[in-house]
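Heads up, the thing below is written out as structure tokens.
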Amino acid sequence: MEKRERFLNFLKNEPVDRVPIAFYHHYLNNKMLYNMNQGLKDAAIFEKNIEGHRRSRKYFDPDVVKIMNDSLMIMPLDLRGIRRPEDVVKIKPQAPDSRWADLSVELAKRVKEIYADSDAPVYYTSFGPAYIMRSNFALIGNLMAGNYFFESRILKFMREQPQAMGELAMNLARGVVAFNERLFEEAGIDGIYYSVNNQNEFFSRETYREIITPGDHLVLDAANSISQMNLLHICGYRGKANDLSTFRDYEAAAYNWAVHAEGVSLSRGKEIFGGKPVFGGFEQAGVIAKGSREDVTQAVYKILDESGQRGIMLGADCTVPTDFEDSRLNWVREAAEAYAREHEN
């Protein structure tokens, strides 16, 4: 099977010659805030982000391409003058023709060119309103404003002005929708890799569902009206777990969560999401990053013994370490091929 046919069969819960493989890592040092999300300020960081994909492909030809937008990852918000809960009505999303949006589309186009000779589906990471708010109110997205909010400010605002915060979340969602539409139309992506989280119930489940979920649904509904290949990433890692029931009614073609942080296997998660395709299985900094070839092979067999091969794609809880050796993913692919030869699909 070619990559696209295999992937489409995965999305339809139909037989595949072997399960597809989908692992990702950042190309910028995520321990250095200067590098992450600084593509607007530093052209060298923007270029390094793109070239990281080219280096990776030398060692592993992916079944699914996910454009890692490290240098422009989080939509920046102008939080100057935001001191009280009622001030949030002043916060606006980036316009779809802003410089941030223009550079993001350029990044997507140039990375897509690196894989121009591949039929692998191409995704762009799209972040929901909750993560945009949290990142901007914290340090990463707010450097240019000269203000250093802490995430606790969001919780205070949520308590005091839930309606205003709900309106902000929905307004940000509209901005994400407009930006995603540019990516589909101009960069030719196949789908969005929609990243959501409420790790360790940062917001209460009730607050998340009331204030954040409507905006998430807006983003997914808009993307699903363009493509039926959008993926949901419920971001958890290293003990930062999510309650999967929070996202049970999020419509996507396939679902990923932190199997190890949440303690929910792929087969159990498949039940939670109504039998739809799921992917993951590996702890992000575990055997996939540190184990021997034999260890990785055994892990593949263990996952597939438990989950089967239909509607299953192998991946990690979240991104694997930044210094990950991409050639190790060939071990996963070869183990999946061997498993397929030995087991009926």
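Values reported hereafter were calculated over all heavy atoms of this structure, with side chains retained and with hydrogens, waters and symmetry mates removed.
Using a 3.5 Å distance cut-off with no hydrogens or angles, the side chains of N180 and S126 do pair a donor with an acceptor. T213 and D216 are not linked by any side-chain donor-acceptor pair at a separation below 3.5 angstrom, with hydrogens and angles left out of the test. In this structure, a donor-acceptor pair under 3.5 Å is present between the side chains of D70 and H26.
In the hydrophobic clustering of ILVMFWY residues, with side-chain heavy atoms under 4.5 Å counting as a link, F202 and I211 come out together. Hydrophobic clustering, with ILVMFWY side chains joined whenever heavy atoms are under 4.5 angstrom apart, groups I91 together with V176. Put simply, V196 and M229 are part of two different groups of oily side chains (I, L, V, M, F, W, Y) that touch within less than 4.5 Å, one to the next. Under the 4.5 Å side-chain heavy-atom criterion for Ile, Leu, Val, Met, Phe, Trp and Tyr, I67 and F7 are members of distinct hydrophobic clusters. When the side chains of ILVMFWY residues are joined at heavy-atom separations under 4.5 Å, either directly or via intervening members, I212 and L77 end up in a single hydrophobic cluster.
Across all their heavy atoms, D63 and I21 have their closest contact at OD2-N, 2.8 Å. The heavy-atom pair separating V88 from A164 by the smallest distance is CG2-CB, 3.7 Å. The shortest non-hydrogen separation linking A120 to R4 is O-NH2, 3.7 Å. The nearest pair of heavy atoms linking V19 to A336 is CG2-CB, 3.9 Å. Here the shortest heavy-atom pairing between L314 and F23 reads O-CE1, 3.9 Å. The nearest pair of heavy atoms linking F184 to I189 is CD2-O, 3.6 Å.
Between D102 and R182 there is a salt bridge, since at least one side-chain N of the basic residue sits less than 4.0 Å from a carboxylate O of the acidic one. A salt bridge is defined here as a Lys NZ or Arg NE, NH1 or NH2 lying under 4.0 Å from an Asp or Glu carboxylate O, and D87 with R84 meets this definition. Between R268 and E271 there is a salt bridge, since a side-chain N of the basic residue sits under 4.0 Å from a carboxylate O of the acidic one. In this structure, D249 pairs ionically with R209, as a charged nitrogen and a carboxylate oxygen lie closer than 4.0 Å. A salt bridge links E160 and K156; the closest N-O separation between the charged side-chain nitrogens and carboxylate oxygens is under 4.0 Å. Ion pair K92/D78 not flagged as a salt bridge, since none of the NZ, NE, NH1 or NH2 atoms sits closer than 4.0 Å to an Asp/Glu carboxylate oxygen.
Counting only heavy atoms from C-beta outward, the side chains of Q199 and Y237 approach each other to under 4.5 Å. Residues P62 and Y115 have side chains in contact (heavy-atom distance under 4.5 Å, counting atoms from C-beta outward). Side-chain atoms of D305 and H343, non-hydrogen and from C-beta on, do get closer than 4.5 Å to each other. Put simply, the side chain of L72 reaches to within 4.5 Å of the side chain of L40, judged on heavy atoms. Residues K48 and Y27 fail the side-chain proximity criterion, which asks for heavy atoms closer than 4.5 Å.
Classification of the F324-H25 ring pair by plane angle, with boundaries at 30° and 60°, yields tilted. Aromatic ring pairs are classed by plane angle as parallel below 30°, tilted from 30° to 60° and perpendicular above 60°; the pair Y208 and F203 is tilted. The aromatic rings of Y250 and F247 lie perpendicular to each other, with more than 60° between the two planes, well past the 30° mark.
Taken from CZ in F127 to CE in M75, the straight-line distance is 11.5 Å, to the nearest 0.5 Å. Remark: F137 CZ to L79 CG distance equals 5.5 Å, nearest 0.5 Å. Between E2 atom CD and L8 atom CG the span is 12.0 Å, to the nearest 0.5 Å.
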Distance-only donor-acceptor pairs under 3.5 Å for side chains of residues 306-313, two or more places apart:
residue, atom, partner, partner atom, Å
E306, OE2, S265, OG, 3.1
E306, OE2, S267, OG, 2.1
S307, OG, I303, O, 2.9

Pair up each side-chain donor or acceptor in residues 273-291 with any protein partner under 3.5 Å, not counting sequence neighbours, and list the distances.
residue, atom, partner, partner atom, Å
K276, NZ, E251, OE1, 2.8
K276, NZ, A252, O, 3.1
Q284, NE2, T319, O, 2.5

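Enclosure of atom CD in E344 is not indicated, since only 12 or fewer non-hydrogen atoms of other residues, nucleotides or ligands lie within 6.0 angstrom. The number of heavy-atom neighbours closer than 6.0 Å to CD of E185, taken from other residues, nucleotides and ligands shown, is 12 or below.
N49 is linked by a side-chain hydrogen bond (donor to acceptor under 3.5 Å, both in side chains) to S71, counting only residues two or more places apart in sequence or in another chain. In this structure E167 satisfies the side-chain contact (heavy atoms from CB on, under 4.5 Å) test together with Q163, sequence neighbours excluded. For the side-chain contact (heavy atoms from CB on, under 4.5 Å) test, residues two or more places apart in sequence or in another chain that qualify with D323 are P321. Checked against salt bridge (charged side-chain N to carboxylate O under 4.0 Å, His left out), E47 has the following partners two or more places apart in sequence or in another chain: R110.
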Q: Decide yes or no on side chain to side chain contact (heavy atoms under 4.5 Å, CB included) for N197 and K240, but give the supporting numbers first.
A: CA-CA 10 Å; N197 79 76; K240 296 183 178 182; over 6 Å; no
Q: Apply ring pair (Phe, Tyr, Trp, His ring centres under 6.0 Å) to the pair Y194 and H233, showing each step before the final yes or no.
A: CA-CA 6 Å; Y194 192 53; H233 169 56; over 10 Å; no
Q: May I have the step-by-step check of side chain to side chain contact (heavy atoms under 4.5 Å, CB included) for I114 and I50, ending in yes or no?
A: CA-CA 9 Å; I114 295 172; I50 295 170; 4.2 Å; yes
Q: Verify side chain to side chain contact (heavy atoms under 4.5 Å, CB included) between F157 and I82, making sure each step is shown before the conclusion.
A: CA-CA 11 Å; F157 285 11; I82 308 303; 4.1 Å; yes
Q: Could you give me the CA-CA distance, side-chain angles and deciding distance for M165 and I154, then say whether side chain to side chain contact (heavy atoms under 4.5 Å, CB included) is met?
A: CA-CA 9 Å; M165 292 299 285; I154 291 181; 4.1 Å; yes
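When the options N230, T125, L231, L232 are evaluated for a side-chain contact (heavy atoms from CB on, under 4.5 Å) with I192, the one that passes is N230.
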